[in-house]
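Just the heavy atoms: all of them, side chains too, but no hydrogens, waters or symmetry mates, feed the values below. Small disclaimer: the values here were computed from a predicted structure and weren't measured. We number each residue from 1, following the sequence as shown.
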Amino acid sequence: MQEKLAILLSRKLSGEATPDELSALEKWIRDNPQDHYVIEAVQLYWHNTAAQDFFNISDNAHFERMLNKAETPVVAMQAPQKLSKYKPVWLKWAAAAVFVGCMISGAVIFNQQAQQGETTAKDDIVTTRGTKSKIILPDGTKVWLNADTRLHFDKEFNGALREVYLDGEAFFDVTKDKNRPFIVHTSDIDIRVLGTAFNVKSYKEEATIEATLIHGSIQVTRQKECIPKIILSPHEKLVFNKLVGKTPESPDHLLPVKEKDPQYLVSKILQNTNNDSSIVETAWVHNRLLFDGDTFKQLAVKMERWFDVQIKFENAEVANYRLRGAFEDETIGEALKALQQIAHFKFTIRDKTVTIAK
């Protein structure tokens, strides 16, 4: 439903809303009072001089650069058939759509003007399946959130420790502050840094937690147990096995790590170039879903989050296919057709359910 709100609000901000669209927006506000502060804040930001300068569209190249910089999902738009005639209007509305999409999808606003003295920063940032987002914490730390992720942090964020709690996957570019360590808490391990860039993958339904360091240094410790801390160097990856010493029921759509495996495993990450988008663990930040040797079942879990679908297998042999490749702008149908070029299987799509057979 955020998409509908983004469309209506962007049309109003650009001055192109029809009377029916304005009425629909007013009805939305009446029916969804919890969104009132978001709408007010977005309008305040839009009419702010800095925002107007940022979205001053002069040509298509400027607009394309702005779209490329947008980290959060924006409303899908199509240009009118006669672009030259409608160009100024479309670009202005498109800029508003990008702006509104970023503000709403980010789900957090740190400007005091928005609530005229009230605290506007929310302590829970959530992305749904099929979406990603980028936020900036009060200390300046940048955080990219992958699909189906929740990040929790203290609203003030001014204590002796900068602490966040993660369920899902996020990439952190931490602002250096030697006096205030930054700590990422997951379900089983804590990751402590001063200033660095790293990725953490910690979905509660998965059997492992991964920490991948790009640059800087991070310290990993086990919660509530006296286990020696582990220090990672750049381009190292730690995989923590949550199942060691436990006997949980693993979700049937995942391949659990065997309990006999070591609880900690540190290895060098694979990187073909100096571009972070070529790293499997962090390519998602650049809107690329890379997979290198995943089974089809393992890849399906990632695709479910990426495309917001449910994938079911009717054949165990197909589920165990090993696959390598990358997705960027494909739809779920296009992605599956691409996989058919390297693996033999059939598929059907009904609503958001994908069935795969041999």
Can you confirm whether more than 12 heavy atoms, excluding those of R180, are under 6.0 Å from its CZ atom? yes
I218 reachable from I183 in the ILVMFWY side-chain graph, under 4.5 Å edges: no
Validation row: H185, E163 side chains within 4.5 angstrom (heavy atoms): yes
When rounded to the nearest 0.5 angstrom, what distance separates CD1 in I231 from OG in S217? 5.5 Å
Please assess F182 against V164 for the test side-chain contact (heavy atoms from CB on, under 4.5 Å), listing each intermediate value before the final yes or no. CA-CA 8 Å; F182 190 99; V164 299; 4.0 Å; yes
Hey, does the side chain of E304 reach the backbone of K302 with a donor-acceptor pair shorter than 3.5 angstrom? no
Hey, what do you get for NZ (K358) to OH (Y321), rounding to the nearest 0.5 Å? 5.0 Å
T141 vs V143 side-chain heavy atoms within contact, under 4.5 Å: yes
Check each of L145, V200, N199 against E169 using the side chain to side chain contact (heavy atoms under 4.5 Å, CB included) test, and report the only one that passes. N199
Is there a donor-acceptor pair under 3.5 Å between the side chain of K242 and the backbone N or O of E206? yes
Stepwise, does the salt bridge (Lys or Arg N to Asp or Glu O under 4.0 Å) test hold for E281 with K201? CA-CA 9 Å; E281 291 79 8; K201 183 180 179 184; over 6 Å; no
Closest heavy-atom pair and its distance - A335, E330: N-CB, 3.9 Å
Quick one: does F296's side chain get under 4.5 Å of L339's, heavy atoms only? yes
Shortest non-hydrogen separation from P181 to A160 and the atoms involved: CD-O, 3.8 Å
Nearest 0.5 angstrom please: Q219 CD to I191 CD1, how far? 11.0 Å
So NE2 of H152 and CD1 of I125: to nearest 0.5 Å the spacing works out to 10.5 Å
Any donor-acceptor pair under 3.5 Å linking the side chain of T127 with the backbone of K132? no
If you round to the nearest 0.5 Å, how far is CG of L213 from OG1 of T282? 11.0 Å
Rounding to 0.5 Å, atoms CD (E236) and CD1 (I269) come to a distance of 9.5 Å
Anything under 30° is parallel, anything over 60° is perpendicular, the rest tilted; go ahead and classify F157 against F153. perpendicular
For the pair S202 (side chain) and T186 (backbone), establish whether a donor and an acceptor sit closer than 3.5 Å, ignoring hydrogens and angles. no
A326 and L290 have their tightest heavy-atom pair at CB-CD2, 3.1 Å
Student check: side-chain heavy atoms of Y203 and R305 closer than 4.5 Å: yes
Going through the checks in order, is the side-chain contact (heavy atoms from CB on, under 4.5 Å) test met by I356 and I311? CA-CA 7 Å; I356 296 177; I311 299 178; 3.7 Å; yes
V354 reachable from I342 in the ILVMFWY side-chain graph, under 4.5 Å edges: yes
Let me see the working for L323 and D294 under side-chain contact (heavy atoms from CB on, under 4.5 Å), right down to the final yes or no. CA-CA 6 Å; L323 304 171; D294 292 32; 5.7 Å; no
Kindly state each residue pair satisfying salt bridge (Lys or Arg N to Asp or Glu O under 4.0 Å) with at least one member in residues 135-147, sequence neighbours excluded. D139-R162
With side chains defined as the heavy atoms from C-beta onward, is the minimum distance between V174 and F198 less than 4.5 Å? yes
Closest contact, heavy atoms only, T208 versus N241: CG2-CA, 4.4 Å
Run the numbers on D329 and N287 for side-chain contact (heavy atoms from CB on, under 4.5 Å), then give the verdict. CA-CA 8 Å; D329 301 320; N287 203 37; 3.7 Å; yes
Got a donor-acceptor contact below 3.5 angstrom from the Y165 side chain to the R150 backbone? no
Please confirm whether the backbone N or O of R129 pairs with a side-chain atom of T131, one donor and one acceptor, at under 3.5 Å? no
Side chain to side chain, L336 and M303, heavy atoms closer than 4.5 Å: yes
Any side-chain heavy-atom pair of L151 and F172 under 4.5 Å: yes
Between F313 and A300, which heavy-atom pair has the shortest distance, and what is it? CE1-CB, 3.7 Å
Compare all side-chain heavy atoms of Q340 with those of K337 and state whether any distance is below 4.5 angstrom. yes
D351 atom CG, neighbour heavy-atom count above 12 within 6.0 Å: no
Closest heavy-atom pair and its distance - G130, A147: N-CB, 3.8 Å
